[in-house]
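First comes the structure, then the notes that go with it.
Heavy-atom basis, side chains included; hydrogens, waters and symmetry copies ignored.
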Amino acid sequence: MSHYLGVDVGTGSARAGLFDGAGRLLGTRAVAIETFRPAPVFAQQSSAEIWAAVCAAVRGAREAAGVAPADVAGIGFDATCSLVVSGAGGAPVSVSPGGEPEQDVILWMDHRALGDAEEINAIGGEPLSYVGGVISPEMEMPKLRWLKRELPESWAAASRFPDLPDWLVHRATGSETRSLCSTVCKWTYLGNKGIAGEGWDDGFLARIGLEELTGGGHSAIGETFAAPGAPCGGLSAEAAEELGLRPDTAVAASMIDAHAGAVGTLGMELGSADITARLAMIAGTSTCHIGLTRDPVFVPGVWGPYFGVVLDGFWALEGGQSAAGALIDAVLARHSALSALETEATGQRVTDLLDARLAAMGDETATLTAHRHVQPDFHGNRSPRAEPWRRGGFDGLSLESGPDSLALDYLATVQALAYGTRAILEAMRAQGAGFDTLVMSGGLAKNALYLREHADATGCTVLVPDQPEPVLLGSAMLGAVAAGTHPDLPSAMAAMTGGGTRIAPRGGAIAAYHDRKFQVFERMQADHAAYREMMVEAQSG
């Protein structure tokens with residue numbers, strides 16, 4: 001039987017999972033990756049460390065599964081949309097203000113290029129209409145602009161600027177083919193115009209000050225492109241030895257991690273149902289909301305429409321929250337009662353204790369936050385407002401500082417994330433998208449409170465796949481397509497996704513309660529913008 005490896009490089013670790021042809025997970029391994037933070041809002045990594053972690057994870061997953069290298073038919077990579085800077089011969093080029101040579105990756109969550117993003121938005125251009133009208137500092141063109149201006153020596157030494165998912169494929173095979181997924185979603189490449197470089201807008205690149213990228217047939221940023229899952233060659237002898245696999249094992253065109261999660265979940269019990277009614281939610285450190293449409297749908301403040309980045313022939317919309325699990329962690333960490341709860345937990349998750357405390361506080365947990373509200377944009381608003389300058393806030397705090405207070409903070413934060421999803425859904429629907437079902441994956445898909453509040457607050461059915469590693473499965477599906485086992489991703493999804501659980505919204509009085517809370521959420525968003533404007537006026541006066 002053939003087996004397929006999925007490799008996922010997330011924010012904090014590289015993970016690998018080995019699957020059989022039915023999508024059953026046979027073995028997995030995770031290896032931590034260090035993030036360097038030389039200044040506020042900076043986040044950097046080392047590609048050499050990432051590759052070493054990938055190799056250890058792949059070896060560990062295969063050994064845990066007890067599968068021989070010869071039985072691994074294909075491998076797919078996904079990763080965060082982080083910028084790798086490479087010089088001659090693939091040597092790392094520093095992206096750090098301190099010049100540390102091994103730190104050659106600007107992580108997706110790095111906001112150093114906030115000013116550059118604002119300047120690009122002021123310049124404008126056709127590519128911006130395909131990112132909701134507003135480019136984000138989390139995308140690559142603002143970061144490249146920052147690099148050119150602030151680190152000219154690094155800019156001069158650089159010869160290639162791959163996105164991390166494509167860098168992994170290059171490192172594994174030597175191929176220069178780039179995936180439509182990362183280049184369309186994060187690089188302003190217009191995939192609907194072709195896969196041979198036709199999608200670059202040279203006038204736009206020149207206007208934003210990156211005319212150098214147009215040289216050599218766009219060799220620094222990509223000359224040829226492929227749909228996710230397309231074969232990109234086989235493992236090189238060097239990479240095969242490092243990974244503990246067979247040379248020439250098929251390697252697929254890659255995906256961004258969240259999009260691999262969409263591939264691994266959207267096919268759950270799909271049958272004859274319409275895939276364009278489903279919105280994949282990949283909820284971890286941050287959250288991505290990815291849905292497919294048959295025709296382009298332009299939504300202000302929502303990334304896309306992106307052609308061919310998930311499934312061939314479909315357009316994708318991508319909403320998101322820059323902090324989800326990270327927001328919950330930050331809210332808990334700020335509270336004085338956390339330390340005592342961590343001591344009490346003894347092997348349990350703190351959130352399990354908070355769930356139990358909430359259940360003891362009232363017959364209906366959801367309504368305990370009638371006078372506790374959270375504005376959740378602690379790391380800016382990715383969508384639908386697309387305003388990275390936003391910050392968070394609480395309303396309804398008292399002098400109480402015990403565990404009940406922490407439990408209410410936790411519940412109000414989870415609900416605020418659900419209202420953020422609702423705002424994204426309403427923006428998409430207003431432009432014609434027909435999403436009515438949320439398909440969950442990521443770490444927060446294991447949080448029962450998060451799932452229930454999302455169903456009730458949005459009015460959507462929530463689907464939770466039984467598959468414990470849907471992002472890894474999505475990447476493994478890429479490998480199955482590249483190996484020729486399946487002709488395309490829909491076929492792989494039908495064969496490998498499996499079943500799951502459905503959570504229906506409760507409606508009635510609970511829905512009415514969330515409607516009122518959502519009105520508060522929207523008012524807090526407006527008030528936050530008003531406060532900022534008042535202070536801007538005060539400073540300018």
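Side-chain contact, His289 with Glu318: no donor N or O sits under 3.5 Å from an acceptor N or O. Side-chain atoms of Tyr513 and Thr369 form a donor-acceptor pair, as typed in the model, at a separation below 3.5 Å.
Between Arg112 and Glu150 no salt bridge is recorded (no basic side-chain N to carboxylate O distance below 4.0 Å). Salt-bridge formation is not detected for the pair Arg422/Glu453: no Lys NZ or Arg NE/NH1/NH2 atom is positioned less than 4.0 Å from an Asp or Glu carboxylate oxygen.
Annotation for Pro505 and Cys460: closest pair CD-O, 3.5 Å, computed over non-hydrogen atoms. The minimum heavy-atom distance between Val374 and Met524, with the atom names listed, is C-CE, 3.9 Å. Here the closest non-hydrogen pair linking Asp78 and Ser475 is OD2-OG, 2.6 Å. A pairwise comparison of heavy atoms in Pro38 and Pro97 identifies CG-CD, 4.1 Å as the closest pair. Closest non-hydrogen pair, Glu49 versus Ala32, comes out as OE2-O, 4.1 Å.
In this structure the side chain of Ile135 reaches within 4.5 angstrom of the side chain of Pro142, judged on heavy atoms. Here the side chains of Ile282 and His259 are not in contact, with every heavy-atom distance at 4.5 Å or above. Counting only heavy atoms from C-beta outward, the side chains of Gln525 and Asn381 approach each other to under 4.5 Å. In this structure the side chain of Phe77 never reaches within 4.5 angstrom of the side chain of Val9, judged on heavy atoms. At least one side-chain heavy atom of Pro228 sits under 4.5 Å from a side-chain heavy atom of Ser179. Looking only at side-chain heavy atoms (C-beta outward), His514 and Tyr419 come within less than 4.5 Å of each other.
By the 30° and 60° cut-offs, the orientation of the rings of Trp51 relative to Trp167 is perpendicular. Aromatic ring pairs are classed by plane angle as parallel below 30°, tilted from 30° to 60° and perpendicular above 60°; the pair His379 and His111 is parallel.
Checked against a 6.0 Å centroid threshold, the rings of His454 and Tyr450 count as neighbours.
Counting non-hydrogen atoms of neighbouring residues, nucleotides and ligands closer than 6.0 angstrom, the CZ atom of Arg391 exceeds 12 such neighbours. Annotation for Arg523: atom CZ does not count as buried by contact number, only 12 or fewer foreign heavy atoms lying within 6.0 Å.
Sorted by first and then second residue, the side-chain hydrogen bond (donor to acceptor under 3.5 Å, both in side chains) pairs with a member in residues 342-351 read Arg349-Asp352; sequence neighbours excluded. Sorted by first and then second residue, the salt bridge (charged side-chain N to carboxylate O under 4.0 Å, His left out) pairs with a member in residues 454-473 read Arg15-Glu469, Asp456-Arg506; sequence neighbours excluded.
Qualifying side chain to side chain donor-acceptor pair (under 3.5 Å) partners for Arg372, counting only residues two or more places apart in sequence or in other chains: Asp409.
Between Leu463 and the choices Glu269, Met281, Arg278, the side chain to side chain contact (heavy atoms under 4.5 Å, CB included) rule is met once, by Arg278. Residue Ile106 forms a side chain to side chain contact (heavy atoms under 4.5 Å, CB included) with just one option from Val84, Leu164, Leu83, and that option is Leu83.
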